[in-house]
There are 2 protein chains.
Amino acid sequence: EDAKEAIENMSDPYSNDPKRHPVLKPASVKPFNAELPLSLLIENFISPNDIFYVRNHLPVPEIDISTYELEVEVEDTDKKVVLTYEKLKDLPKHTITATIMCAGNRRSEMSKVKIVKGLDWGPAAIGNATFTGVLLRDVLKLIGVDEDSNYKHVQFEGLDMDPTSKYYGSSIPFWKAVDKRGDVLLAYEMNGAPIPRDHGFPIRVIVPGVVGARNVKWLGKITVSQNESDSHWQQNDYKGFSPSVDWDTVDFNKSPAIQELPVISAICKPEAHQKVQVKDGHITVQGYAWSGGGQKIVRVDLTIDGGNTWHVAKFDHQDSSEPPQHWAWTLWSAKIPVTTRIKNAEVWVKAVDSSYNTQPESFKNIWNLRGVLSNAYHRVPIELQW
Amino acid sequence: EDAKEAIENMSDPYSNDPKRHPVLKPASVKPFNAELPLSLLIENFISPNDIFYVRNHLPVPEIDISTYELEVEVEDTDKKVVLTYEKLKDLPKHTITATIMCAGNRRSEMSKVKIVKGLDWGPAAIGNATFTGVLLRDVLKLIGVDEDSNYKHVQFEGLDMDPTSKYYGSSIPFWKAVDKRGDVLLAYEMNGAPIPRDHGFPIRVIVPGVVGARNVKWLGKITVSQNESDSHWQQNDYKGFSPSVDWDTVDFNKSPAIQELPVISAICKPEAHQKVQVKDGHITVQGYAWSGGGQKIVRVDLTIDGGNTWHVAKFDHQDSSEPPQHWAWTLWSAKIPVTTRIKNAEVWVKAVDSSYNTQPESFKNIWNLRGVLSNAYHRVPIELQW
Ligand SMILES: [Mo]
Ligand SMILES: [Mo]
């Protein structure tokens, strides 16, 4: 029996994946992708490591810290440095609090309009953590690359490998990598502990304000280049399209790779179809809001009458950093008055960020074949109890 | 008669305002505020000076270039420099192409939901020009202020004066003023000519990606500070609010001053209620799209069936600069197929920017008492001719 299992495991590239917290609800198991129940998601401004949402594209690599090396190079030059884990930890230390979100967060709502291709995420493919590490900007200076250098992209390769032995890859615009206010981090700690295996041990690049897919885990190589990463995930995935584009007509060259994410929000308490007690003529609603690009949330509006009256939420937790370096989500709550003795209602939320961008109303008009950028109003039907 | 007119003029602070091009349609005359007919607006990627929209808050000051001085100082210190026009022109020269838009652009559509306070702008309170001048960043270095300095705001004062002898004022965040990619310009040229009087002669500060109200004309004073400008226009105007906030409940301290503007678009041809010829089963629609914060427009979608089918516009003119320094608007056109022999249609447009933010659908849910940030879908009813 044991021998048989061992043989099966040998052929299963996922057999060395770490154990996960049982509360994580898998959207897929191999690769492992999982989110938290909504009520737990907003219990903490800082999401604990063991219940931080997991979005893996491939098996989790097993990395020996004593032999780990991070290659950093400039394409077509001999500018290069190889950094060990110890060397990275010797460089100047920097800490940020940043929210990471999957491009497919809230996809399940978009797929109700029309089927989309992708993991069926609810609104919890998002988390907020404190990351400590070395600024990519500082590491690039080691090889003579700075803000005045003329490059266009910085490519990242993970040590996670697909069945054809290609590494996971992505890239970000050069300016973001070297910008004084970019805060791009080669992180070795998450919430004060070594980065967990599921989140990129030993090094994950944290690109705050930018879609999770560019925050490459198990970082093995950094390449400064004139070109974007040629990886599948940069070129043929993680892009937005018009609702009219389907799999017969899509041309992935026509859309830019998602980088900064648009403004989003979600109601986490109550959840859909839950019973909500009316107290002193009010119901209480809680959730999160966030915007990419270092924008801060400036307002969260709620309605239970289809937009005839809106109520402004109170911010329960918001980081004090100012745009364009506001990387963390905002947790909010609202006491919404209920004036007539209704039995059912639909709660809607929308957020506004510091560039006064706001969310689109409906999924119909932002539908796209990959179900990404799913940031329409979150609409939650509830039952009122009097 | 002449004497009487002269006496009247003496008491009219607007008597020295410049002559304007007759094609400009005034939204108000004193102060002068005017936009172009829509069909003219998109005839040029670079809006000519004499027909660039005008948004003045106060009378146009008359400034003698030989005695003009620009004061630049750091609050509560003796760091200070006074720059003449000649001295400014001796400093390193920088040119950008930038769109300037009024926060109230397209207000007239929002006011159809419910009355708002403000000039009744159509969709042409916007223009795009080439500005040449000195980087504010370079001027601040002259007084020992750079990116590493610890200030929060940079205040601007115009030389235009209200009836109580207070100058027009506003401020921008410090980071934007000193940022390597901020491109904030003390401009002395607009489209290759000296800045016209209506647009700020001799110096206008151009804050690309940021609402017109911070692009102070007739610039007289720059103050580096820990505080925002205390002017009316910074504190009690040019802010967004929830649709539920009215003049009885508004608290201007509760909302941040508008800086970067959200993504917007408008249909300029055809205009509302015009007859449009169907040719080879298509109608042609043209317009502009723009986003603040240096974001580029990545897609413009149109529909004539209420969003059941969307059509992607072609970009007729787009600047090649990349985000976060894409300051210019995008001119687009679309050939929309008309499959059934309908007599009337409503054309809708929405744009998507490089952070994949898009426009809200309706004015009802973004309504605000000042009628600013009026960026819902532009919806134009037309008559089809077969
Ligand atoms: Mo952004
Ligand atoms: Mo922005």
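Letters A, B, ... are given to chains in the order of the sequence lines, protein chains preceding strands, and every chain is numbered from 1. Values below: all heavy atoms of this structure, side chains included; hydrogens, waters and symmetry mates excluded.
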Enquirer: Would you please go through residues 363-372 of chain A and name the residues with a non-hydrogen atom below 4.5 Å from one of chain B, in numerical order?
Expert: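 Listed by number, the contacting residues are A/Lys364, A/Asn365, A/Ile366.
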
Enquirer: Between A/Val298 and chain B, which part of the residue has a heavy atom less than 4.5 Å away: side chain, backbone, both or neither?
Expert: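 For A/Val298, the contact with chain B is made by the side chain alone.
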
Enquirer: What verdict does the side chain to side chain contact (heavy atoms under 4.5 Å, CB included) test give for A/Ser244 and B/Thr309, after you've listed the backbone C-alpha separation in whole Å, the side-chain angles of each residue and the deciding distance to 0.1 Å?
Expert: CA-CA 6 Å; A/Ser244 57; B/Thr309 52; 5.9 Å; no

Enquirer: For B/Lys152, which atoms come within 4.5 Å of any heavy atom of chain A: side chain, backbone, both, or neither?
Expert: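 Neither; nothing under 4.5 Å.
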
Enquirer: Once salt bridge (charged side-chain N to carboxylate O under 4.0 Å, His left out) is applied, do any residues pair with B/Glu147, and if so which ones, sequence neighbours excluded?
Expert: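 Expected list: A/Arg181, B/Arg137.
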
Enquirer: Relative to chain A, which of B/Gly307, B/Ser242, B/Ala376, B/Pro360 shows the most heavy atom pairs under 4.5 Å?
Expert: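 Among B/Gly307, B/Ser242, B/Ala376, B/Pro360, the one with the most close pairs to chain A is B/Ser242.
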
Enquirer: Drop me the distance from A/Gln325's CD to B/Trp175's CH2, to the nearest 0.5 angstrom.
Expert: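 Result: 9.0 Å between the selected atoms.
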
Enquirer: So does A/Lys180 pair up with B/Asp179, basic N to acidic O under 4.0 Å?
Expert: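 Salt bridge flag = no for B/Asp179 with A/Lys180.
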
Enquirer: Is chain A contacted by the side chain of B/Pro324, its backbone, both, or neither, given a heavy-atom distance below 4.5 Å?
Expert: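 Both parts, backbone and side chain.
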
Enquirer: Any donor and acceptor pair, going by atom type alone, linking the side chain of A/Asn357 with main-chain N or O of B/Thr358 inside 3.5 Å?
Expert: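 Checking the backbone N and O of B/Thr358 against the side chain of A/Asn357, no donor-acceptor pair under 3.5 Å is found.
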
Enquirer: Please say whether more than 12 non-hydrogen atoms of neighbouring residues, nucleotides or ligands are located less than 6.0 Å from CG in B/Asp146.
Expert: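 Result for CG/B/Asp146: enclosed.
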
Enquirer: Show your working on side chain to side chain contact (heavy atoms under 4.5 Å, CB included) between B/Arg299 and A/Lys254 and close with a plain yes or no.
Expert: CA-CA 10 Å; B/Arg299 201 177 74 239; A/Lys254 288 259 172 84; over 6 Å; no

Enquirer: Taking C-beta and beyond as the side chain, do B/Ser355 and A/Leu261 meet within less than 4.5 Å on heavy atoms?
Expert: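 When only atoms from C-beta onward are counted, A/Leu261 and B/Ser355 do not touch, as no gap falls below 4.5 Å.
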
Enquirer: Between B/Val312, B/Thr303, B/Ile258, B/Asp353, which residue shows the highest count of heavy-atom pairs closer than 4.5 Å to chain A?
Expert: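 Between B/Val312, B/Thr303, B/Ile258, B/Asp353, the count favours B/Ile258.
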
Enquirer: So, does B/Tyr356 use its side chain to make a donor-acceptor pair with the main chain of A/Leu373 at under 3.5 Å?
Expert: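 Not a single qualifying donor-acceptor pair exists.
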
Enquirer: Which bit of A/Glu361 comes within less than 4.5 Å of chain B, counting heavy atoms only: side chain, backbone, both or neither?
Expert: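 A/Glu361 touches chain B through backbone and side-chain heavy atoms alike.
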
